[in-house]
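Reminder, nothing fancy here: chain letters follow the sequence lines and each chain counts from 1.
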Protein chains: 2
Amino acid sequence: MTTSAETSAATAPVGPVRLLLADDEHLIRGALAALLALEDDLLVVAEAASGPEALAMARAHVPDVAVLDLQMPGADGVKVATSLRAELPGCQVLIVTGHGRPGHLKRALEAGVRGFVPKTLSAQRLAEIIRAVHAGNRYVDPELAADAISSGDSPLTAREAEVLELAVDGAPVAEIAERAALSPGTVRNYLSSAVTKLGAENRHAAVRLARERGWV
Amino acid sequence: MTTSAETSAATAPVGPVRLLLADDEHLIRGALAALLALEDDLLVVAEAASGPEALAMARAHVPDVAVLDLQMPGADGVKVATSLRAELPGCQVLIVTGHGRPGHLKRALEAGVRGFVPKTLSAQRLAEIIRAVHAGNRYVDPELAADAISSGDSPLTAREAEVLELAVDGAPVAEIAERAALSPGTVRNYLSSAVTKLGAENRHAAVRLARERGWV
DNA sequence: CTCTCGGCATGACAAATGTCAGACGCGGAA
DNA sequence: TTCCGCGTCTGACATTTGTCATGCCGAGAG
């Protein structure tokens, strides 16, 4: 918020890019901070170890770019991104993930995330991507994008997904029925339908498949 | 600290500690290498992104300490440690892990691993622990140790564990029976027994519990 | 040696699950 | 408007799964 030239054009940086780093693994976060600090146009202004903490830090320091791990205690990267989008529209979000499951990418993009990359990336590349995101561009890792496209959209209806989600911890049908306020027969029917659509052997295998593809 | 003493005694370092770093996440590995390089008594001589690669690098460079991620493609940290123990007895192994499950710690110690720590650790502490391990001491993260002790040993018999393992992907009993060369009735009996011992609702919940505790 | 205990193995029965045919309401196409 | 397709919901029926009582065998105690 300084002079006139603050259009979203990518041409000339007017100052260091202010970064928020959030990852629950201190070792990784610290190492990453040290490495990004070597780039003289990047500046780490805040670090966080959980979803809520990331949000609080963002409010306090108003970073230009938030680099968020996908899996964090409290609230995952996508949830944080959603809140951030509403509270700090000027802050771009970049998600890094260890083992990216296809569905997450879709959710992330819907939440307004500008970048999505795996951790199998050099720090050099990460720095470049941070600059690109700050400049207003998007970047999605090609391999993750290919996975997401090949796995496609969820074929499950809302109820099917809901019931499948209640089945994740191996609960019996009666309990699912009660928690979903449905007849046990109906629950069986939805589960059966979901199992068929996913081409699974039974509902437990279906749960596994749906989780792998990020559909629950 | 320079004179004659080149025995394997733990007292005085005679030169930089030569490190092998193995982690499938390039970003983390690179950042870690950079950070450890700041310590002038530590020297990263090799890096690897998978289990087999770690083994090959170890043979080629003969490091003093191998810092291995627990989850890697090809072969996990414990398997690599086992091979290393046999081939390079002089090389101490330190395992780092993101989400440590109790059973892994036990397996690791049985494989001759000297250190076991989570990634929620500062680089400073990691460097200290690397030195301790190199000096011949052991170090196990207190919290992980507590988890391992509280969860205790597996109460499952060999067959029970075997059958439970075949049930991980939700296969029907008939298939498990065929793969284990048992009668379907026997398979049900083992599963039932395992479910009871683990205090689970059904076998799928039992599989989940056993995996969480590292018993399968 | 004999007894007892624990792991291995099996089949019968009860309970939970998967499958099926069908009813209702809603929104788009004919 | 009328019809058709789709999602929602239900109960009846066949299959699969969980539980139980029981037998066999080897190891260690008495």
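Atom CG in Leu191(B) sits roughly 18 Å away from atom P in dA16(C) (whole-Å rounding). Rounded to whole Å, the distance from CD on Glu201(B) to P on dT19(D) is 10 Å. In this structure, Leu182(B) atom CG and dG7(C) atom P are separated by 16 Å, rounded to whole Å. Rounded to whole Å, the distance from OH on Tyr190(B) to C1' on dT10(C) is 10 Å. The interatomic distance linking Leu164(B) (CG) with dG18(D) (P) rounds to 11 Å, in whole Å. In this structure, Arg203(B) places its CZ atom 11 Å from P of dT17(C), rounding to the nearest Å. If you measure from atom CD1 of Ile176(B) to atom P of dT16(D), you get 14 Å, rounded to the nearest angstrom. Across the protein-nucleic acid pair, Arg188(A) atom CZ and dA21(C) atom C1' stand 15 Å apart, rounded to whole Å.
A donor-acceptor contact under 3.5 angstrom links the side chains of Glu160(A) and Ser193(A), judged on distance only. Remark: the Tyr190(B) side chain and the Arg203(B) side chain contain no N/O donor-acceptor pair separated by less than 3.5 Å.
The side chain of Thr157(A) lies closest to dT8(D) when the candidates are dT8(D), dA9(C), dA12(C). Looking at the side chain of Ala158(B), the nearest of the listed nucleotides dG18(D), dT10(D), dC8(C) is dC8(C). In this structure, the nucleotide among dT8(D), dC20(D), dG18(D) sitting nearest to the side chain of Asn189(B) is dC20(D).
Classification of Glu162(A) and Arg159(A) as a salt-bridged pair holds, one side-chain N sitting under 4.0 Å from a carboxylate O.
Sorted by first and then second residue, the salt bridge (Lys or Arg N to Asp or Glu O under 4.0 Å) pairs involving residues 136-148 of chain A (not counting sequence neighbours) form an empty list.
For Glu201(B), the CD atom counts as loosely surrounded, since its 6.0 Å shell holds 12 or fewer non-hydrogen atoms of other residues, nucleotides or ligands.
Pro184(A) comes within 4.0 angstrom of no nucleic acid atom, judged by non-hydrogen atoms across all strands. In this structure, Arg159(B) reaches the sugar-phosphate backbone alone: every heavy-atom distance under 4.0 Å involves primed, P, OP1 or OP2 atoms, never a base.
Both Ser192(A) and Thr186(B) sit near DNA chain C, but only Thr186(B) has its closest nucleotide nearer the 5' end.
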